[in-house]
> 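Have a look at the structure that comes next, please.
Everything quoted here is computed from the prediction, not taken from an experiment.
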Number of protein chains: 2
Amino acid sequence: MSQISPRPGRGRPRLLPGKIAANPRDQILAAAAELFVSRGYAGTTTREIADGAGLRQASIYYHFGSKEEILAALLERSVQARVEQAGKIEAGMDSVAPDAALYALAVSDMSALVAMPYNIGMLYRLPDVIASPVYDRYGHLRGELVAGYGRVAERAAAERVPAGGEPGLGDLLVQMVEGVISLRREDRIGSTTVATIASACLRLCGIAEDAIEQARETALTALAQT
Amino acid sequence: MSQISPRPGRGRPRLLPGKIAANPRDQILAAAAELFVSRGYAGTTTREIADGAGLRQASIYYHFGSKEEILAALLERSVQARVEQAGKIEAGMDSVAPDAALYALAVSDMSALVAMPYNIGMLYRLPDVIASPVYDRYGHLRGELVAGYGRVAERAAAERVPAGGEPGLGDLLVQMVEGVISLRREDRIGSTTVATIASACLRLCGIAEDAIEQARETALTALAQT
DNA sequence: GTCTATATCGTGATAGAC
DNA sequence: GTCTATCACGATATAGAC
């Protein structure tokens, strides 16, 4: 990154001076994220990215070596936050009730997904992204996420639901949680969305309605302290 | 389609005579399906499709007017079977127990998804497909599918789970059911997969374990008669 | 650090021979 | 009905001026 020298007045001025607020790298990432998510990776051109970022097509190559490098940066961002938060919650699992831990995991993970700029959590679903060589570097992290869900869920479910099926509880729950991605694409995230899905996760573990309600309150107060 | 004249000996012979078995239109569709699903729509070239179908790039344009027309044909195939089956099950819903109807709906829908060539059920998830103008012609059908799931599920759930949340039960269940698409992409469809997910659907409606087991048997015998 | 200009290649689609 | 040949365009990426 020594190539970046943010000294004012350096470099030829941009044509469109309206967007010099944030640093250009982030502007490029933001524009690319929006386009990748709405038109796909292969369906997005570097020219469109440049337009969105407010600079010229060629100028992108000062900040990134290739189009694929932009994708890699976005992929890393999109998985990092989720895995980190999930790890923290699983680490502190022993101090709270198992079902509250699951509720907290679901809520914090969905919050991370919803908070991501331009819904980049869905990059992982795109075939051309998965086929890309850069996917291999971050793909296994999502597997760890599923495994984490599985461990937390098995505890919460106890013996209430038949275990050992394929797909496992972790797969089912991650599938449910990532439903917010589709909902968000359709602009359907409301004030009750996250709570509704989190409750559904506990229901999927055979937890009764009153216990779900209790786990919800425990989880929310625990999350508020973080 | 009057342009198709399958008289033997007509037309210049193909370079690669190995694949003349089925009709060329279907060969093109099959090749396109495999590629769209593995590399995305925009990421697939007509040359690659032609290679997969065993003819030359330009020859595709005898069977389809454009690349988009190929996509439209695949989209139609992928939604038709699901909506049809769902409609039949919902129509015969009164004659079986509500929870058995839901189980049957989930199983038959997942079976349709699993039976689709090259997992084309996932075309609906691709941003460049959704952004394409041809999507508008078939997109609303998926909405009807969700609504159908919602009606069947509300009956099965009765008053056991809080209703009226966003997302609705239909959204949650379709989300679960379409999880087979991801599993299939990862080659993880086993003998218990469909049953596990169908049971999870009922669990999501607050149905108890023994009732789930009973619904399963009722549904399977009902489906066997069809 | 961003620009203009351009090289080089790949794309979807068309024309016309066979 | 499939071929060869090619057009017109748009893609990523590079070179070098400012």
Side-chain angles (χ1 to χ4, degrees), chain A residues 1-28 31-32 35-36 39-72 128 132-134, chain B residues 1-28 31-32 35-36 39-72 128 132-134:
Chain A
M1 303 293 157
S2 62
Q3 63 179 160
I4 311 281
S5 59
R7 211 151 16 129
R10 270 297 159 136
R12 179 167 171 171
R14 280 197 200 179
L15 276 193
L16 315 161
K19 298 188 167 188
I20 328 185
N23 75 66
R25 197 187 145 91
D26 285 341
Q27 287 179 307
I28 292 169
L35 289 162
F36 288 168
R39 309 148 92 101
Y41 172 68
T44 298
T45 71
T46 52
R47 232 170 275 274
E48 293 170 315
I49 297 174
D51 283 352
L55 39 68
R56 294 299 199 179
Q57 185 260 345
S59 305
I60 288 181
Y61 289 85
Y62 176 81
H63 301 277
F64 295 91
S66 68
K67 187 185 173 188
E68 227 173 29
E69 223 171 82
I70 301 177
L71 174 64
D128 47 358
S132 163
V134 305
Chain B
M1 305 294 159
S2 62
Q3 62 181 160
I4 310 281
S5 60
R7 211 153 11 132
R10 269 298 158 136
R12 180 168 172 170
R14 280 197 199 181
L15 276 192
L16 314 161
K19 299 190 167 185
I20 328 186
N23 75 67
R25 197 188 145 89
D26 285 341
Q27 287 179 305
I28 292 169
L35 288 161
F36 289 168
R39 308 147 90 102
Y41 172 67
T44 299
T45 72
T46 53
R47 269 177 180 82
E48 292 171 315
I49 297 174
D51 282 353
L55 38 69
R56 296 298 198 177
Q57 185 259 346
S59 304
I60 287 182
Y61 289 84
Y62 177 79
H63 301 278
F64 296 92
S66 67
K67 187 185 172 188
E68 226 172 28
E69 223 171 80
I70 301 177
L71 174 64
D128 48 358
S132 164
V134 304

> Okay, side chain of A/D128, backbone of B/G40: is any donor-acceptor separation there less than 3.5 Å?
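Not at all, since once roles are kept as given, no pair shorter than 3.5 Å links the two residues.
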> If you measure from CD1 on B/I70 to CZ on B/F64, what distance do you get to the nearest 0.5 Å?
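So the CD1 of B/I70 and the CZ of B/F64 are separated by 5.5 Å.
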> Nearest whole angstrom, please: distance from the P of C/dT4 to the CD1 of A/I60.
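Taking atom P of C/dT4 as the reference, CD1 of A/I60 is at 14 Å.
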> Roughly, in whole Å, what's the span from CD1 in A/I49 to P in C/dT2?
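Whole-Å distance recorded here is 15 Å.
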> When we call it a touch if two heavy atoms are under 4.0 Å apart, what does B/T45 touch: a base, just sugar-phosphate, or nothing?
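Sugar-phosphate, backbone atoms only, no base.
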> Using whole Å, report how far OH of A/Y62 lies from P of D/dT12.
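Atom-to-atom, A/Y62 to D/dT12, this comes out as 22 Å.
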> What's touching nucleotides 13-15 of chain D from the protein side, N or O pairs under 3.5 Å?
from, atom 1, to, atom 2, distance (Å)
D/dA13, OP2, A/Y61, OH, 2.5
D/dA13, OP2, A/K67, N, 3.1
D/dA13, N7, A/Q57, NE2, 2.9
D/dA13, N6, A/Q57, OE1, 3.0

> Provide, to the nearest angstrom, the distance between the CG atom belonging to A/L71 and the C1' atom belonging to D/dT12.
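Computing the A/L71:CG to D/dT12:C1' distance gives 15 Å.
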> Check the distance between C/dG12's C1' and B/D51's CG and give it to me in whole angstrom.
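For the pair B/D51 CG and C/dG12 C1', the rounded distance is 15 Å.
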> Using atom NE2 of A/H63 as one end and atom C1' of C/dT2 as the other, report the distance to the nearest whole Å.
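Those two atoms, NE2 and C1', are 8 Å apart.
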> Say you draw a straight line from CD1 of B/I49 to CD1 of B/I28; how long is it, rounded to the nearest 0.5 Å?
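Spacing of CD1 (B/I49) from CD1 (B/I28) equals 8.5 Å.
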> Could A/K67 and A/F36 be counted as a cation-pi pair, given that NZ or CZ must be under 6.0 Å from the ring centre and within 45° of the axis?
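Here A/K67 fails the 6.0 Å and 45° test against A/F36.
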> Within this structure, what is the CD1-to-P distance between A/I28 and D/dT12, rounded to whole angstrom?
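That distance rounds to 14 Å.
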> Using modelled atom types and a 3.5 Å cut-off, is there a donor and acceptor pairing between side-chain atoms of A/E69 and backbone atoms of A/G65?
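A pair under 3.5 Å: yes.
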> Given atom CD1 of A/I70 and atom C1' of D/dA11, what is their separation to the nearest angstrom?
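Answer to the nearest Å: 14 Å.
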> Which heavy-atom pair separates A/A31 from A/G52 by the least distance, and what is that distance?
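That would be CB-C, 3.7 Å.
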